[in-house]
Amino acid sequence: MEAMFTVNNLWILVATCLVFIMHLGFASLEAGFVQRKNVVNILFKNSMIISIGLLTYFFVGYNLMYPGDDYAGGFIGAFGVMDWAAGATADYAAAAEAGATYTGYSDFIFQAMFAATCATIVSGAVAERVKLVPFLIFATVFVGLSYPLTGMWHWGGGWLSEMGFYDFAGSTLVHAAGGFAALAAVILLGARRGKYRADGTVTAIPGHSMPLAAIGVFLLWFGWYGFNGGSVLSADPNGVSLVFVTTSLAAAAGGVAAFFMGYILFKSYDLSMVLNGILGGLVGITAGADLMSGGEAIIIGLIAGTIIPLSIVFFDKTLRLDDPVGATSVHGVCGIWGTLAVGLFGASAGMGQLVTQLIGTLAVGAFSFGTSFLIFSALKATMGIRVDEEEEIRGLDLGEHDMHAYTLSKEDGVFQLTSD
């Protein structure tokens with residue numbers, strides 16, 4: 001018993017490290033998808049989000065999200081600092097006998113990494129024009145209050161859990177929540193300068209480094225083994241192995257589907273679509289990774305990868321909402337798809353489950369969107385959330401940080417990479 005408890009606990013900590021690596025993946029992906037004059041700003045936000053996320057989740061979020069049995073079936077948990085004593089135990093055999101598979105310390109740090117991930121999703125969507133300090137204030141409030149509240153509804157034993165809603169590792173609770181928070185921010189912030197012209201044309205603003213973006217996606221895929229595999233909450237051989245397989249197959253299928261759909265739409269082999277297709281497949285399988293067969297995981301990934309180019313075009317050209325990294329499509333839209341897929345495929349499939357999944361994902365998405373809209377609206381009215389035109393043209397690296405990511409020279413007011 002004690003040996004198995006130690007193995008389970010060790011796996012949760014290893015999975016935590018893998019989820020931590022996802023923050024490097026997000027930073028690399030976002031940095032690659034923005035112009036080089038805004039790279040430092042992206043890296044700064046990603047560095048601060050994990051720092052803010054851990055602290056706010058310790059002081060408020062963890063208790064709010066996991067308040068205990070007294071709050072079962074409710075809408076809100078308990079405010080308070082994490083109780084370290086609850087995580088302390090020297091009698092591992094007794095803990096295992098009581099049904100525990102890991103310590104309270106491990107639970108906190110694993111869940112804290114998830115919380116910070118949710119806020120990171122918003123960072124890429126508002127890139128290249130958001131003021132730094134208002135964004136960090138938003139991240140603090142969102143990770144401290146909004147994310148734990150909706151997380152409690154299911155993972156903390158709240159009303160969605162009582163209803164029978166199922167979200168294994170967070171297609172809705174993490175990804176759709178972040179995706180719809182990003183949508184609210186994008187609506188209030190407005191598009192980057194020059195993105196949409198008066199004559200109706202849409203100007204592509206390409207990222208500065210596709211190699212960096214690709215590295216980011218592969219780091220995210222790697223980290224997802226901890227994100228989903230750790231959500232088994234034990235080192236159960238069959239459970240963890242199944243999740244690794246379904247996660248991998250969905251990611252691969254998402255990339256292939258985005259490859260074909262991207263070619264149909266654009267008549268080119270668009271790497272950015274393939275990269276986002278992989279991420280869409282990962283987001284899509286996250287809600288039911290432990291319930292699906294290999295074939296079902298492939299179907300879920302194929303549909304997610306097909307959705308990605310269509311959704312990105314819809315937001316970009318039809319709604320004219322500027323999202324530099326496609327966060328609303330990858331995390332918001334594919335998050336909803338993955339959650340609904342639990343009612344269509346796998347061990348829990350059925351009409352009743354599908355309706356429950358729909359209620360849950362719409363409730364979380366609406367709450368995250370509404371909360372984020374209110375937070376950003378308040379910040380917009382008091383501090384302003386957008387940099388001025390001159391700073392946007394020069395780049396946020398110089399405007400916000402007085403530094404740049406690469407060796408640069410100034411010629412005629414335009415910054416270029418030097419050959420030195």
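In this chain, numbering begins with 1 at the start of the sequence shown.
- The one candidate from Glu128, His208, Glu30 that meets the side-chain hydrogen bond (donor to acceptor under 3.5 Å, both in side chains) condition with Asn38 is Glu128.
- Between the side chain of Ser28 and the backbone N or O of Gly216, no donor-acceptor pair lies under 3.5 Å.
- Of the inter-residue distances, the one linking Leu396 atom CG with Phe44 atom CZ reads 12.0 Å to the nearest 0.5 angstrom.
- Aromatic ring orientation, His23 versus Phe20: tilted (interplanar angle from 30° to 60°).
- A salt bridge does not link Asp397 to Arg36: none of the charged nitrogens lies less than 4.0 Å from a carboxylate oxygen.
- The distance from atom CG of Leu183 to atom CD1 of Ile121, rounded to the nearest 0.5 Å, is 13.0 Å.
- At least one side-chain heavy atom of Phe110 sits less than 4.5 Å from a side-chain heavy atom of Ser231.
- Asn46 contributes atom CG, which lies 8.5 Å from atom CZ of Phe26 (distance to the nearest 0.5 angstrom).
- When each of Leu321, Val186, Leu310 is checked for a side-chain contact (heavy atoms from CB on, under 4.5 Å) with Phe315, only Leu321 meets the rule.
- Taking the six-membered ring where the residue is Trp, Trp153 and Phe367 present perpendicular rings, their angle passing 60° and hence far from 30°.
- The aromatic rings of His175 and Trp224 sit parallel, their planes meeting at an angle under 30°, below the 60° perpendicular limit.
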Review point. Is there a side chain to side chain contact (heavy atoms under 4.5 Å, CB included) between His154 and Val364 once you walk through the steps?
Key: CA-CA 10 Å; His154 175 39; Val364 172; over 6 Å; no
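- The shortest distance between side-chain heavy atoms of Val232 and Asp290 does not fall below 4.5 Å.
- The aromatic rings of Tyr57 and Tyr62 stand perpendicular to each other, their planes meeting at an angle above 60°, with 30° marking the opposite boundary.
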**Study point:** Derivation of the side chain to side chain contact (heavy atoms under 4.5 Å, CB included) call for Leu358 and Leu340
**Key:** CA-CA 6 Å; Leu358 179 62; Leu340 296 179; 3.9 Å; yes
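- To the nearest 0.5 angstrom, Lys131 atom NZ is 11.0 Å from Ile137 atom CD1.
- No option in Lys317, Arg193, Arg192, Arg386 other than Arg192 meets the salt bridge (Lys or Arg N to Asp or Glu O under 4.0 Å) test with Asp322.
- Summarising the geometry, atom OG belonging to Ser329 is positioned 12.0 Å from atom CG belonging to Leu279; distances are rounded to the nearest 0.5 Å.
- A donor-acceptor contact closer than 3.5 angstrom links the side chains of Thr339 and Thr172.
- Rounded to the nearest 0.5 Å, atoms CE (Met292) and OG1 (Thr247) are 11.5 Å apart.
- Other residues, nucleotides and ligands contribute only 12 or fewer heavy atoms inside 6.0 Å of the CZ atom of Phe260.
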Point to revise | Evaluation steps, side chain to side chain contact (heavy atoms under 4.5 Å, CB included), between Thr328 and Val333 | key: CA-CA 7 Å; Thr328 49; Val333 177; 5.9 Å; no
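- Between Trp221 and Phe218, the two ring planes are parallel [angle under 30°; tilted spans 30° to 60°].
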